[in-house]
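Computed over heavy atoms, backbone and side chain alike; hydrogens, waters and symmetry mates excluded. The model shown is predicted, which means the values in this text are computed figures rather than measured ones.
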Amino acid sequence: MPCPDASRPTRAPTAPVPVPHGGRQRGRGYIAHFAGARPAGFLPSGDPAMRLSRLVGQRTKDTPKDAQNVSHIYMMRGGYVRPVSAGIYSLLPLGVRVTAKIEAIIREEMDRVGGQEVLMPVVLPQELWDESGRSKTVGPELLRFKDRNDKPMLLGMTHEEAVVHLARSEVSSYRQMPFMLYQIQTKYRDEARPRGGLIRVREFTMKDAYSFHADAEDLARYYEQVHEAYVRIFRRVGLRNCVSIQSDSGMMGGAVSHEFMAIADCGEDTVYLSPDGRYKANKEIARSGLKFLHEAPLPLEKVHTPGRTAIEEVAAFLGVEPSRTGKAVFYVDGDGKLVFALIRGDLEVNETKLRNYLKSRELKFADDGAIRAAGAVPGYASPLGLDPAKVRVIVDPSAAESSNLVVGANEPDYHYRGFNYGRDLTAAEVVDIAVVRPGDPCPVTGLPLEMCRGIEVGNIFQLGTKYSLSMNCNYLDANGKAHPMVMGCYGIGVGRTMAAVVEQSHDQYGPVWPMSIAPYHVHIIGLNPRQPGVAEAAEKLYQELLAHGVEALYDDRGEKAGFSFNDADLIGVPLRVIVSPKTLEAQKVEFKTRDGSRHEMIDLAGAGEFLVGEVKAALAGYR
RNA sequence: CGGGGCGUGGCUCAGCCUGGUUUAGAGCGCUUGGUUCGGGACCAAGAAGUCGGAGGUUCAAAUCCUCUCGCCCCGACCA
């Protein structure tokens, strides 16, 4: 078809056939481009593809200064997202297409394990959170406000209360159990510090699911099914390196929980992995299989250590390794009570472990005044001679099971040699509170643990009856007796998942999308479209792909080759076709994969069919 | 919340230390015309900024001072 206006070859040469609204996919419909006059008040839709000349969302050559990590840089530069405020982003058309595909995969897998999609409000009355008690326990990350009638409201950061509100009024019989409800909804958390681009934001889209069971056994069974669904989801969205690890269930309550971690350097979490994959744990709860030195106990002996307070100084002064000493660390818990922690000198206290053991929300280093008040001497504090009424003593196994340690003497400038737990101190709680170090032996396999960083893209919890008890969410059993429903909850961060995929799949030019969530399947570039035949051939291929349901992005701008190629790299569509005078001369088009694995000339005549086949084959790999 | 950094056209930045040759610049992007045309071309002409905001010092403030707001990074917190 001839170009209608030869002086403006970069305009799309043909108008699409307007298609009325209808047949919209669940969730979101796309509005197609316009390349010509359209009837007033009429938005054509139904075209799954796009001409690049019409696409809103400019690529940029410069890296925005606020972008630090790879995913953030490419999502900004590629025209996927734009910042609005700290930790708050708009999604541009490309970003919407990617997240919509991630959501579609999540829906399929949630439906597959019997989930029923619902949609709960973002704005919730505070009274619901008063019922569960969380309006008191959750801090300022919960955004609260009042409506015009002065009624306290809040923005949902998670929806346990809302879903329980739903469940307790809709379901009352054991015959209706179990069931699972899920939604894909905006969440708001007023983070103290949003960071990492799309990794930690204040407003985000999350799939959150809640299952309800008659008993814990049923929950445990179902939990395994959801775990499998999660493994499928993260494989299907194209995360190559995503592990499920044991995690700290923290303040969510409940016993069993897993986090799904996309391994990436910019991740906020530290993960320990056994090389054979048999042990995987978050740093917050990771254990090590360290062996401790047992010897014949030596007598307790006071030694002069003038001015030596730090472990390194004491050890050097006495000519022993730091691992032959005991380190004293004082904390103050949330109730202001003093806690004394004793750990082997070369190890650190894991405050999350300690906090969990103490069931204390807060834990701070004690200042010298508080230490003295308990009868201890800062710098020379000792497990010996502490007043049990004033301080709670926690001993890590590394200190409890090691023989003949050097510890403080509770007297300025003096330490003890030959401290042995069980002989010199008995009345203490022995609990693992140690930070694991990379290379420490795995508690399961004994192999050296590897440490890496992970992005938490999903988590699953066996919640139990925490919310059903407090919010009175019961069912009647066969005998007409009421029981609290036993709950599980399951989250996935959609935007985080998109960012994590980019972190794991990119090169120096831009993202390399997996076919399953790529914004488009095929990127067609018409080079020198003013030359005879090029625009026509590219347009024909474009229409042919559309007719076969392939989502094609058509670069019809007639930009210089390098410019177009760089844009294509930055967008990251997995398959690329180049139509140019050169290729047409040989009745060919050029085919290239974004990952660089393939690059070949294919016949123009069969190009459409070829590409349809390639897309189908690639998609099949993500089913 | 503690520490650090940064706010100058849509984007990246220079100018600030040492106030006045600055009617506030450059590159990218954008508009118009022309030449180019396979890895971010070139020429010419243009549009676009109350220099984050308020107050102060001064004959004179993007520049110095005070306050304030916003954004980014490290930490704390959170998941």
Side-chain angles (χ1 to χ4, degrees), chain A residues 7-10 56-69 72-73 76-77 79 82-88 134 137-142 157-158 187 189-197 199-202 204 206 208 245 247-253 257-261 266-269 282-285 334 351-352 355 361-365 454-461 489 491-493 496 508-510 525-531 534 555 557-570 576 578-585 589-590 592 596 599 601:
Chain A
S7 70
R8 301 184 64 186
T10 60
V56 174
Q58 196 59 245
R59 271 74 51 208
T60 65
K61 202 186 285 190
D62 289 315
T63 298
K65 68 174 175 181
D66 292 345
Q68 301 287 324
N69 56 44
H72 193 199
I73 289 170
M76 293 279 286
R77 286 190 54 205
R82 292 289 182 254
V84 175
S85 183
I88 299 180
R134 280 210 294 187
T137 56
V138 176
E141 64 269 25
L142 178 62
M157 47 186 284
T158 167
K187 299 275 187 279
R189 292 184 190 172
D190 213 9
E191 292 286 349
R193 182 157 106 73
R195 69 184 90 184
I199 306 294
R200 185 174 208 77
V201 291
R202 287 148 81 196
F204 54 100
M206 182 173 175
D208 50 321
I245 66 172
S247 65
D248 168 29
S249 53
M251 289 296 144
M252 288 295 283
S257 68
H258 286 82
E259 290 169 338
F260 285 77
M261 291 286 180
C266 71
E268 293 187 281
D269 291 80
N282 194 310
K283 177 180 184 176
E284 293 175 338
I285 63 152
E351 293 180 20
T352 307
R355 198 162 32 230
R361 194 171 174 76
E362 271 185 77
L363 202 60
K364 285 186 294 206
F365 282 122
I455 301 167
E456 184 188 346
V457 287
N459 53 42
I460 56 179
F461 292 94
C489 72
I492 292 179
R496 262 188 190 187
Q508 59 179 306
Y509 304 109
I525 300 174
L527 282 186
N528 300 316
R530 268 203 275 183
Q531 300 287 318
V534 173
D555 185 350
R557 301 170 303 171
E559 288 289 349
K560 288 188 55 104
F563 194 90
S564 282
F565 293 159
N566 278 295
D567 266 3
D569 288 340
L570 214 37
R576 183 178 311 174
I578 300 154
V579 182
S580 76
K582 215 168 70 181
T583 67
L584 289 181
E585 203 174 316
V589 296
E590 183 178 337
K592 235 178 140 170
H599 187 187
M601 302 299 288

Rounded distance in Å - CD (A:Glu284) to P (B:A79): 9 Å

Check: B:G38 base within 3.5 Å donor-acceptor of A:Glu590 side chain: yes

Gap in Å between the two C1' atoms, one belonging to B:C42 and one to B:A24, rounded: 28 Å

Distance-only donor-acceptor test (3.5 Å): side chain A:Lys61, base B:G10: no

Whole angstrom value for the distance that separates C1' of B:C77 from CE of A:Met157: 12 Å

Shortest non-hydrogen contact between A:Glu559 and A:Ser564, atoms and distance: CB-OG, 3.6 Å

Proximal nucleotide (of B:G38, B:C71, B:C73) relative to the A:Asp66 side chain: B:C71

Side-chain donor or acceptor of A:Asn282 paired with backbone N/O of A:Ile285 under 3.5 Å: no

Under 3.5 Å on both distances, the Watson-Crick or G-U partner of B:A24: none

Any A:Arg193 side-chain N or O less than 4.0 Å from OP1/OP2 of B:C74: yes

Donor-acceptor pair, side chain of A:Arg202 and main chain of A:Asp190, under 3.5 angstrom: no

Pairing residues for A:Glu268 by the side-chain contact (heavy atoms from CB on, under 4.5 Å) criterion, not counting sequence neighbours: A:Arg195, A:Ile199, A:Arg200, A:Arg496

C1' atoms of B:G39 and B:U21, separation to the nearest Å: 43 Å

Watson-Crick or G-U counterpart of B:C37, or none if no pair lies under 3.5 Å: none

Atom P, compared across B:G46 and B:U66: separation rounded to whole Å: 43 Å

Proximity to the side chain of A:Phe563 - top-ranked nucleotide from B:U36, B:G40, B:G39: B:G40

Distance-only donor-acceptor test, A:Asn528 side-chain atoms vs B:G38 base atoms, 3.5 Å: no

A:Arg576/A:Asp569 ion pair, N-O < 4.0 Å: yes

Nucleotide of B:G38, B:G40, B:A41 approaching A:Lys560 most closely (side-chain heavy atoms): B:A41

Span that lies between the C1' atom of B:G38 and that of B:G15, in whole angstrom: 40 Å

Residue A:Ala192, side-chain atoms from C-beta onward, closest of B:C77, B:C72, B:G39: B:C77

B:A44 - base-pair partner by Watson-Crick or wobble geometry, distances under 3.5 Å: B:U32

Sole residue of A:Ile245, A:Ile460, A:Ile455 in side-chain contact (heavy atoms from CB on, under 4.5 Å) with A:Phe260: A:Ile460

Upstream residue (5' side of RNA chain B) when A:Ala67 and A:Pro581 are each assigned their closest nucleotide: A:Pro581

Integer angstrom distance from the P of B:U63 to that of B:G75: 34 Å

Inter-nucleotide C1' distance (B:A76, B:G3), Å rounded: 11 Å

Whole-Å gap separating P (B:G40) and CD (A:Gln58): 18 Å

Side chain of A:Asp62 - closest among B:C72, B:A79, B:G27: B:G27

B:G2 - base-pair partner by Watson-Crick or wobble geometry, distances under 3.5 Å: B:C74

Pairwise 5' ranking along RNA chain B for A:Glu141 and A:Leu570, keeping only the more 5' one: A:Leu570

Residue A:Arg530, side-chain atoms from C-beta onward, closest of B:U36, B:A79, B:C77: B:U36

Any A:Thr63 side-chain N or O less than 4.0 Å from OP1/OP2 of B:C11: no

P atoms of B:G5 and B:A47, separation to the nearest Å: 39 Å

Chi angles and distances behind the side chain to side chain contact (heavy atoms under 4.5 Å, CB included) call for A:Met76, A:Asp66: CA-CA 10 Å; A:Met76 293 279 286; A:Asp66 292 345; over 6 Å; no

Watson-Crick/G-U partner (both atom distances under 3.5 Å) of B:C51: none

